[in-house]
Amino acid sequence: MSLSQGSINRRQVLLGAGAVGAGVAIGLNAAPAVARAPRFAHPGLLHTSEDFDRIRAKLAAGDAVVTAGWARLAGNGRSQSSWKPRPLSTVVRGGTGQNYPQFYLDVHAAYQNALRWRIAGDTAHGDTARDIFNIWSQSLTTVTGNADRFLAAGIYGYQFANAAELMRGYDGFDLVRAQDLLMKVFYPLNDDFLRRHNGACITNYWANWDLCTIASIMAIGILCDDRPLFDRAVDYLRTGAGNGAFRNAIPFVHGGELGQWQESGRDQGHTVMGIGLMGTVCEMAWNQGVDLYGYDDNRFLKGAEYVARYNLGKDVPFTNYKWGHHTTCAPREQTTVSAASRGQLRPVWEVVYNHYVQRRGLSAPNVTAMAARVRTEGGGGDYGPNSGGYDQLGFGTLLFTRDRTPAPAGTPAATRSPAAPASAHATSAGPSASAPIRSVLPTRPTGSASGVAATGSEEFDLSGQPSGLEPGTGTIVGLAGATAVAATIGGALLLRLRYRRAADHRPPPNHRR
């Protein structure tokens, strides 16, 4: 089957809002006005109410794949309700005084505890996530450092927003303060980087820098019901000048099937990270009715197939890649694909596989094989102890596994019209009390693996300071007895969940509508 399929015209959600363009300039303590209408679907970042219904139904039915994913989440050290946050007023990434691990550890703990509450309804985990958010939104005032401060604002901005979205409506969770933190501390850095690229040549920074920034702007826009921010992220992916835009992140398409990734001549750790970031952006947009997955004849799928193919040990074509470097745009060139960190495993493939193959019915043999190799996906800390092990939120096997959408009779799967996602998710204050039971996926292999986590940057900093951390290595936690553990944990909680009502967690008085 062919990878090619045109993008579809999904719900028209970009209603009368212009993109926030190059004319926007704000200080660290100034935030753009929040657009109240039209509202976004909530929860509506990486996960929706329908997603959680599907997950609970599969757990209740004993689905082996999703059950293993639940065990992976429940067994992670940052998923425990006993987690205690360590807030800071200033987070530093890059240069002197780095302390940013303290922040990303707490962000992942908040996200993972929020997931456990959303899926199983255990308020001990909900309370832990709420407390992490509330203390950080009260304490944090500055994100700084050398050039890597932009990576911190992008990666941890989109992650914090995704975690906060899960807690919308939870008793005592201060949503407004979380929104203010993102708009006043993170967004100004996102905005500055996307407009000025740290004063460098527009092609100097690798695709990941743009992509994490775009992910943060989109996630903040959705969390804060700010349509211009969302539109800005969408427009940049389609037409932006930096390396994160589709046609720059995937500059060459070979044979109509394989899209060479912009960082393929650099190393495979950062290349795979880029797949994760673009998948994150596409999934968040999809959940708000915008199909970026299908943009430019499924260009992202072609890029993912290229990266997966090479990291599966197969050959790929390579076109010499040329770009301008530093502030002077001094010419640079890569002439071959890089084998550095080849075969690295990161939890980025399930979201790509489950969209293109399961949701859309397309053929993606390399992505399919890579997703099977990484399955069961873990999360923060499972892929290395340094920052690279926390670049993705992870747990995609649990969160994105879905049944394949059936094609109409007699219609080739690669050419049929894709199924649209739910068009309007009602704002949900908590886990559904009556998730429907659906058919169970066939059992798929689970297992553990190990890989090298690339982390930090290798970019210059205009102050002359070093800007990055060395890559770290880590072994993924094994899954011995995962199914049994999940059945024990999930079964009891899900049984109790049937009698829990979402109304137990009504929005607090300051809940932003």
Side-chain angles (χ1 to χ4, degrees), residues 17 19-35 45-46 90-94 100 103-104 107 136-137 140-165 178-200 202 204-245 249 273-274 276-278 280-281 284-285 292 391 393 457 459 461 467:
V20 178
V24 176
I26 59 177
L28 284 176
N29 294 316
V34 174
L45 289 173
L46 281 172
T90 300
V91 167
V92 182
R93 176 164 180 168
Y100 68 101
F103 182 54
Y104 67 62
V107 170
W136 273 99
S137 64
L140 183 59
T141 61
T142 306
V143 174
T144 188
N146 60 23
D148 280 8
R149 70 189 182 277
F150 296 115
L151 290 175
I155 296 170
Y156 312 134
Y158 95 76
Q159 292 179 348
F160 189 95
N162 265 275
E165 177 79 349
Q179 291 170 323
D180 287 345
L181 171 64
L182 288 165
M183 292 291 269
K184 294 178 180 179
V185 176
F186 287 82
Y187 175 72
L189 287 167
N190 302 152
D191 168 68
D192 182 58
F193 183 78
L194 215 56
R195 287 187 296 108
R196 300 192 314 107
H197 284 80
N198 200 30
I202 189 65
N204 177 77
Y205 283 95
W206 303 100
N208 279 311
W209 292 68
D210 273 4
L211 286 170
C212 71
T213 300
I214 293 164
S216 183
I217 290 174
M218 179 178 285
I220 293 170
I222 295 169
L223 181 75
C224 298
D225 284 310
D226 190 314
R227 182 68 57 175
L229 263 63
F230 177 83
D231 291 356
R232 181 185 189 187
V234 170
D235 290 346
Y236 199 95
L237 259 293
R238 291 170 172 165
T239 63
N243 283 326
M273 178 185 174
L277 287 169
M278 189 170 279
T280 292
V281 172
M284 292 190 299
L292 293 176
D391 284 340
L393 289 169
S457 76
E459 293 298 333
D461 176 64
S467 63

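Computed from a predicted structure; not experimentally measured.
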Kindly determine whether Y158 and L277 satisfy side-chain contact (heavy atoms from CB on, under 4.5 Å), including the steps that lead there. CA-CA 10 Å; Y158 95 76; L277 287 169; 3.7 Å; yes

Under the side-chain contact (heavy atoms from CB on, under 4.5 Å) rule, what do T141 and K184 come out as? Steps first, then yes or no, please. CA-CA 8 Å; T141 61; K184 294 178 180 179; over 6 Å; no

Passes side-chain contact (heavy atoms from CB on, under 4.5 Å), L181 versus F186? Steps please. CA-CA 7 Å; L181 171 64; F186 287 82; 4.1 Å; yes

Please determine whether side-chain contact (heavy atoms from CB on, under 4.5 Å) holds for the pair R149 and L189, giving the CA-CA distance in whole Å, both sets of side-chain angles, and the decisive distance to 0.1 Å. CA-CA 8 Å; R149 70 189 182 277; L189 287 167; 4.2 Å; yes

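For the pair V143 and A152, the tightest heavy-atom approach, listed with the atom from each and the gap, is CG1-CB, 4.0 Å. The two residues G145 and V92 come nearest to each other via the heavy atoms CA-CG1, 4.0 Å. The shortest non-hydrogen separation linking W206 to N243 is C-CB, 4.2 Å. Y205 and H197 get closest at one heavy-atom pair: CE1-O, 3.2 Å. Taking every heavy atom of both residues into account, P188 and L182 meet most closely at CD-O, 4.4 Å. Scanning both residues, A147 and N198, for their nearest heavy atoms gives CB-ND2, 3.7 Å.
Rounding to the nearest 0.5 angstrom, the gap separating the CG atom in L45 from the OG1 atom in T280 is 10.5 Å. A distance of 7.5 Å separates CD1 in I155 from CG in N208, rounded to the nearest 0.5 Å. In this structure, CE in M218 is found 9.0 Å from CG in D231, a value given to the nearest 0.5 Å. Note that CE of M183 is 4.5 Å distant from CG of D226, once rounded to the nearest 0.5 Å. Interatomic distance, CZ of F103 versus OG1 of T90, reported as 12.0 Å (0.5 Å rounding).
Put simply, the side chain of W136 reaches to within 4.5 Å of the side chain of V91, judged on heavy atoms. Within the 4.5 Å cutoff, side-chain heavy atoms of D148 are placed close to those of W209. Looking only at side-chain heavy atoms (C-beta outward), I214 and M278 stay at 4.5 Å or farther from each other.
In this view, N162 satisfies the side-chain hydrogen bond (donor to acceptor under 3.5 Å, both in side chains) rule with no residue, not counting sequence neighbours. With sequence neighbours excluded, the residues forming a side-chain hydrogen bond (donor to acceptor under 3.5 Å, both in side chains) with Y156 are R93, listed by chain and number. For the ring pair (Phe, Tyr, Trp, His ring centres under 6.0 Å) test, residues two or more places apart in sequence or in another chain that qualify with F160 are F133. Applying the side-chain hydrogen bond (donor to acceptor under 3.5 Å, both in side chains) test to S137 and every residue at least two apart in sequence or in another chain returns R177. Applying the side chain to side chain contact (heavy atoms under 4.5 Å, CB included) criterion to T213, with sequence neighbours excluded, gives N190, F193, L194, I217. Applying the side chain to side chain contact (heavy atoms under 4.5 Å, CB included) criterion to T239, with sequence neighbours excluded, gives no partner residue.
Within the 3.5 Å criterion, the main-chain N or O of A245 finds no donor-acceptor partner in the side chain of D210. Looking at Q179, its side chain never comes within 3.5 Å of a backbone N or O of I220 through a donor-acceptor pair.
Screening residues 152-165 for salt bridge (charged side-chain N to carboxylate O under 4.0 Å, His left out) gives E165-R168 as the qualifying pairs, with residues at least two apart or on separate chains.
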